[in-house]
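First the structure, in the form of structure tokens, and then the observations on it.
Every chain is numbered from 1 and lettered A, B, ... according to where its sequence line falls, protein lines coming before strand lines.
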Amino acid sequence: MADKILMKGNEAIGEAAILAGCRHYFGYPITPQSELPAYLAKRLPEVEGVFLQAESEIGAINMVYGAASTGARVMTSSSSPGVSLKQEGISYLAAAELPCVLVNVTRGGPGLGNIAPAQADYYQATRGGGHGDYRTLVFAPNSVQEMADLTIKAFDAADRFKSPVLILSDGVLGQMMEPVVLPDPVVFDPDTKEGTLTGKGSRKKRNLVTTIFLDADQLEEHNWHLYQKYQFVTDEFDHGSWKDYSCELHQTDDADIILVGYGIIARILKTVVEKCRKRGIKAGLIRPISLWPFPTRIISELSKKTKSMMVVEMSTGQMVDDVKLAVEGRIPVYFYGRTGGNIPSSFEILNEIDKIVRID
Amino acid sequence: MNKVFSRPKCMSNTPYHYCPGCDHGVIHRLVAESIDELELASRTIGVAPVGCSVFAYDYFDLDFNSAAHGRAPAVATGIKRARPDSIVFTYQGDGDLAAIGTGEIIHAANRGEKITVIFVNNAIYGMTGGQMAPTSLIGMKTATSPYGRDAATMGYPIKISEMLATLESPVYIARVAVNTPANLMKAKRVIKNAFQCQKDGKGFSFVEVVSICPTNWGKTPIDSHKWLAEHMLPVFPLGTFKDKTGIEKAD
Amino acid sequence: MQQGTEEIIMAGFGGQGILFLGKVLAQAGMIMGHHVSWLPSYGPEMRGGTANCTVILSDHPIASPIVAEPDTLIAMNRPSVDRFQGKVKPGGLILYNSSLIDQVKQRDDVRVAAVPASAIADEIGSPRVANLVMVGAYLKNSGILKFDDVLKTLPSIIPSKKKEMSQVNIDALKRGFDSVH
């Protein structure tokens, strides 16, 4: 077994990116993700990579756009207000079908908010926060180990589906240290990709990366093409080769109440499930790993077997909408949220469950 | 019969969408000739802007990217950093480069990105229908300055070449025009120098081309060029503002 | 608390090496094969204000790294006592730096132990090792980490080039260990 290393979540993402063959990072400083650029500023030159601190988040995401168009594996990271600024570029990346990995170490909003952990960027992440008809794949790690593992998978998914892939993390996961076993390095060659900008060389046809389709029929065709790709991605996560990355189920088989939460909240909910079980309440947990595509099918199936669901988020309620869409009114869906950087304790959540169980 | 004039090799056989009398076609040609003469076509990647030249990529038989409004220097940075052996150029107008993309151009220049920027300044937004640009002249009437540009509330025309020349990193900064045969010949040499600078791996090169917009200026092409000489050039004087290329003087 | 799990909150002024104190415990725990997590407070409070850090040592996989009721509070300054002492679990332990904190109001349901960490560190000759004195004091009461475990793993946690310095670290651990019972 490989050695365990005690690492911060932000650093684990950085090292995993290098192991995935990423040699280009463009970013702009913002708390609480600063360890990630600092780590890569030190590490990338050691592997002959490029670390560039851009003039703004807007500059950074457009450098990502440029580098991705040449076939390189490329990454940028930021935190909520900075990710808002990147949305223009993300829309272009999705439109041009350019692969890249984006990291949001989410903090409290709206506006400047604060630098404490939050999950209030769920809508922005999963609805494609920029303009136009597109989606971004979104992974939500819940441990430092997953920060590393899902970063590598994010690069794979980006290339596989020709799409930006977002890692939606938060201040706790970014800042905490846990033991990590680093995965093996990936051999990656940008020259194996097709349609990339390298200079025309000896090619007969030049390559063009653009997002303009002035003709209505052409743009519609492009949009339906993207839509079909997104359907394919959804199928892959529902029952194809990516289904292991859709969600994690914990004690759901006999559960009367199923808790739903992602990221750091899912860790707290695991403790809550244990405590519930000790008190005779049959609780279970669904932890979406992929927020888009969302594990709609699994939640829908489980809603036919359990009595109620409770969604817990560090927001005033965003993912709960997707759970309700999956449940289609079959059973009650409750919600408990804390925001502003407050993290709900297992006691608070237990109190809420007590109320629900009494109602039931 | 001898062929005395033909399309540069790296230009495609596509008719321009530009308005009659527009300078873009001529400037495109100077860029293409320079790339051909320096034998750079096989490793050149262009970056098109948003504005009238949004479809610049249609006219070059080169690998091309098309950037979001103002972001071409950032996109070019990403390309050049990922493919350091390629020749990367942006082609931008005054709205794209001198307004929404001011941050991107200044910092690309200041980092000394080894790219070439062709900046076409005609003092107006063309594609969106003749609005005031940061480079519009004082008193100039546009769709969004119908009473003329008033310095008190709209400021003065921004002189990008002079601004960039204050930076330490850029290697080559020059302003040219294509309004007369003499100026055109000079513009050709300067644009070629800019690409030579990149070919030699020297650093950031920037050519501002003072240009016209007959449609939105409401003038014939000939009158436009006269107006350019009389009104534009006193504000935007031609010349070389910085030259660390070591290439023999263009003029 | 689950059997075989210890949850510790440590707090003090920025500059007292609070985060490092936690890192020593977490790293030693990891090397000895336990499950560990380390969670800092972060942000403006890091710059000269108070810092705190949560460490969990466990024989089981750790569900939540966020601790509402710690088993142990290690308080390096007065504000830390005020902020965290009410949260310590009944039956838990408060270790406080008695060089900087005159006294801690007694709670009937927790043990309170005074450790003159800053004074001991000064005596050893390095004020910066007050945090390691506290690590030593903690080990006296830990059911998971043994004193020898930390002693063994210390060189890999603090790669000290100077021999004298590593001796200072060991002295700090020992004096802390002996200061409580």
Would you mind checking which part of Y65(A) comes under 4.5 Å of any heavy atom in chain B, side chain (CB onward), backbone (N, CA, C, O), both or neither? both
If you count heavy-atom pairs within less than 4.5 Å of chain A, which of A68(B), S86(B), G70(B) leads? A68(B)
Please step through side-chain contact (heavy atoms from CB on, under 4.5 Å) for the pair E104(B) and E55(A), ending with a clear verdict. CA-CA 7 Å; E104(B) 281 77 8; E55(A) 62 273 14; 3.5 Å; yes
Within residues 149-167 of chain A, the residues sitting under 4.5 Å from chain B by heavy atom, in sequence order, are none
Looking only at atom types and distance, does a side-chain atom of R43(B) sit under 3.5 Å from a main-chain N or O of K200(A), one as donor and one as acceptor? no
Picking from L62(B), T44(B), I45(B), what satisfies side-chain contact (heavy atoms from CB on, under 4.5 Å) with L197(A)? I45(B)
Given a strict heavy-atom distance threshold of 4.5 Å, which part of R23(A) is in contact with chain B: side chain, backbone, both, or neither? neither
Evaluate the criterion side-chain contact (heavy atoms from CB on, under 4.5 Å) for residue pair Y57(B) and T210(A); output intermediate values, then yes/no. CA-CA 9 Å; Y57(B) 57 72; T210(A) 184; 3.3 Å; yes
If you count the non-hydrogen atoms of other residues, nucleotides and ligands that lie under 6.0 Å from CD in Q218(A), is the total more than 12? yes
Full working for salt bridge (Lys or Arg N to Asp or Glu O under 4.0 Å) between K204(A) and D61(B): CA-CA 10 Å; K204(A) 276 215 179 82; D61(B) 186 26; over 6 Å; no
Structural part of V64(A) lying under 4.5 Å from a heavy atom of chain B: neither
Strictly distance-based, threshold 3.5 Å: is any side-chain N or O of D63(B) a donor or acceptor partner for the main-chain N or O of T198(A)? yes
When you look at NZ of K9(B), are more than 12 heavy atoms from neighbouring residues, nucleotides or ligands closer to it than 6.0 Å? no
Does F213(A) CZ have over 12 foreign heavy atoms under 6.0 Å away? yes
Which region of V54(B), side chain (C-beta onward) or backbone (N, CA, C, O), has a non-hydrogen atom less than 4.5 Å from a non-hydrogen atom of chain A, or is it both or neither? both
Counting only heavy atoms from other residues, nucleotides and ligands, does the tally under 6.0 Å from OH of Y28(A) exceed 12? no
If one checks every heavy atom of F60(B) against chain A at 4.5 Å, the contacting part turns out to be backbone
Any donor and acceptor pair, going by atom type alone, linking the side chain of R71(B) with main-chain N or O of I61(A) inside 3.5 Å? no
Set of residues satisfying side-chain hydrogen bond (donor to acceptor under 3.5 Å, both in side chains) with respect to S91(A), sequence neighbours excluded: H131(A)
Starting from the C-alpha separation in whole Å, work towards a yes-or-no answer on side-chain contact (heavy atoms from CB on, under 4.5 Å) for L214(A) and F55(B). CA-CA 11 Å; L214(A) 269 195; F55(B) 291 121; 3.5 Å; yes
